[in-house]
Amino acid sequence: MNPKRILIAVDASANSERAVAYVGDILCHAREAEILLLCLSKTPDRDLFPDDATWQASASKQDAEYKEFLARARGSLEQRGVDAGCIETRLVPFTGFSVAQGILGAQRDGGYGTIVVGRRGMSKEEEFLFGSVSSRVVHHARNCAVWVVE
């Protein structure tokens, strides 16, 4: 794994914005780093919508929000001095069960030596009941560094 290859997992939340800003501040003038802004787009559950048209409209709106966030995150890194050529953005349709496993799979497949995630801010009770992506990434990551930004 290459420690200069950094995967930032984002979900268009304020915590993701802070994670992006943190990486930008740390790597402000690094020319040798390679940064992937990765957003896994999980399609909303079809059962929550009255018809296919409403469901598809919701999925399209979500993807548009993610694309807009990725563009803003890229701009944030560039404003902090990260070379635009070092930044890649990727919106990936995700059909798996665990977002954390999707992040870890992308890390392994891409040879990223660092994963950066934002902490969701769940209470201990919520985390116990529902789990947390950042917690799962920390516990299951192998052969890489994990930065959890709060």
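If you're wondering where the values come from, they're calculated on a predicted model, not measured in any experiment.
Taking every heavy atom of both residues into account, Tyr22 and Val149 meet most closely at CD2-CG2, 3.8 Å.
Side-chain contact between Glu17 and Arg72: present, with at least one pair of heavy atoms (C-beta onward) separated by less than 4.5 Å.
Cluster membership check: Leu91 does not share its hydrophobic cluster with Ile115, using side-chain heavy-atom separations under 4.5 Å among Ile, Leu, Val, Met, Phe, Trp and Tyr. Taking hydrophobic clusters as Ile, Leu, Val, Met, Phe, Trp and Tyr residues chained together by side-chain heavy-atom distances below 4.5 Å, Leu37 shares a cluster with Leu27. Leu36 and Trp147 are not part of a single hydrophobic cluster, where members link through side-chain heavy atoms under 4.5 Å apart.
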Practice problem: Please assess Phe69 against Ser16 for the test side chain to side chain contact (heavy atoms under 4.5 Å, CB included), listing each intermediate value before the final yes or no. | Solution: CA-CA 9 Å; Phe69 180 86; Ser16 287; 3.6 Å; yes
Quiz prompt | Audit row: Gln62, Ser41, side chain to side chain contact (heavy atoms under 4.5 Å, CB included) steps and yes/no | solution = CA-CA 8 Å; Gln62 175 181 284; Ser41 176; 3.3 Å; yes
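Side chains of Ser60 and Asp63: a donor-acceptor N/O pair is absent below 3.5 angstrom, by distance only.
Checking side-chain atoms of Gln107 against main-chain N and O of Tyr112 turns up a donor-acceptor pair under 3.5 Å. A donor-acceptor pair under 3.5 Å is absent between the side-chain atoms of Asp45 and the main chain of Leu48, judged by distance alone. Remark: side-chain polar atoms of Lys42 are paired, donor with acceptor, to backbone N or O of Phe97 under 3.5 angstrom.
A salt bridge does not link Glu88 with Arg74: every distance from a Lys NZ or Arg NE/NH1/NH2 to an Asp or Glu carboxylate oxygen is 4.0 Å or more. Ion pair Arg80/Glu78 not flagged as a salt bridge, since none of the NZ, NE, NH1 or NH2 atoms sits closer than 4.0 Å to an Asp/Glu carboxylate oxygen.
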